[in-house]
Amino acid sequence: ANAFTADGEPRLAATALIGFSLSCQRSENEQAAAGQLFLQLGDAEKALAVANALTSAKPEIANFHYFRGKALVAAGRGAER
């Protein structure tokens, strides 16, 4: 993922991180990084899907809720909870 990002391919980096996280346990950091990349790319719906998965899997982590809020606002759905 770092190589893709360095080569100017953030979407490929995000996709690689998501693929990795689907096959590895405790990969929330990689999922969060992918979500951030999707958000930076303007793909708020994909970022929101990642954020929803993170908050469902680890509801005790406040940063995941914060990220979900950012994704909701970016998707034009800021009034949702």
Side-chain angles (χ1 to χ4, degrees):
N2 290 338
F4 284 134
T5 301
D7 286 344
E9 298 288 347
R11 186 167 299 279
L12 287 175
T15 302
L17 287 167
I18 290 296
F20 172 81
S21 71
L22 292 174
S23 63
C24 294
Q25 294 180 349
R26 295 186 294 268
S27 59
E28 292 86 9
N29 290 335
E30 288 78 8
Q31 282 181 304
Q36 290 292 343
L37 286 169
F38 285 131
L39 201 56
Q40 290 170 4
L41 289 165
D43 196 337
E45 290 301 324
K46 281 192 180 178
L48 184 54
V50 171
N52 286 335
L54 288 169
T55 55
S56 292
K58 297 282 186 170
E60 69 277 10
I61 299 179
N63 284 341
F64 294 162
H65 292 278
Y66 175 73
F67 172 61
R68 184 174 182 273
K70 286 175 47 177
L72 281 167
V73 168
R77 298 164 48 185
E80 289 182 34
R81 287 189 165 197

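Computed from a predicted model, the values in this text were never measured in an experiment.
Closest approach of Ser27 and Cys24 over heavy atoms only: OG-O, 3.0 Å. Residues Ala47 and Gly35 approach most closely at CB-O, 3.6 Å, considering heavy atoms. Ala71 and Leu39 get closest at one heavy-atom pair: CA-CD1, 4.0 Å. Closest approach of Val50 and Gln31 over heavy atoms only: CG1-O, 3.2 Å. A pairwise comparison of heavy atoms in Ala13 and Ala1 identifies CB-O, 3.4 Å as the closest pair.
Evaluation of the side chain to side chain donor-acceptor pair (under 3.5 Å) test over residues 32-56, restricted to residues two or more places apart or in two chains, returns Arg11-Asp43, Glu45-Arg77, Asn52-Arg68.
Glu60 CD to His65 NE2: the interatomic distance, rounded to the nearest 0.5 Å, is 8.0 Å. Taken to the nearest 0.5 Å, the CG atom of Leu48 stands 8.0 Å off from the CZ atom of Phe67. The line from CD of Glu28 to CG of Asn63 is 12.5 Å long, rounded to the nearest 0.5 Å.
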Checklist entry - What's the verdict on side chain to side chain contact (heavy atoms under 4.5 Å, CB included) for Phe38 and Ile18, showing C-alpha distance, side-chain angles and the deciding distance? => result CA-CA 11 Å; Phe38 285 131; Ile18 290 296; 4.1 Å; yes
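Hydrophobic clustering places Ile61 together with Leu54 (ILVMFWY residues linked when any side-chain heavy atoms are closer than 4.5 Å, directly or through intermediates).
Alongside Leu17, the hydrophobic cluster contains Leu37 (criterion: ILVMFWY side chains under 4.5 Å).
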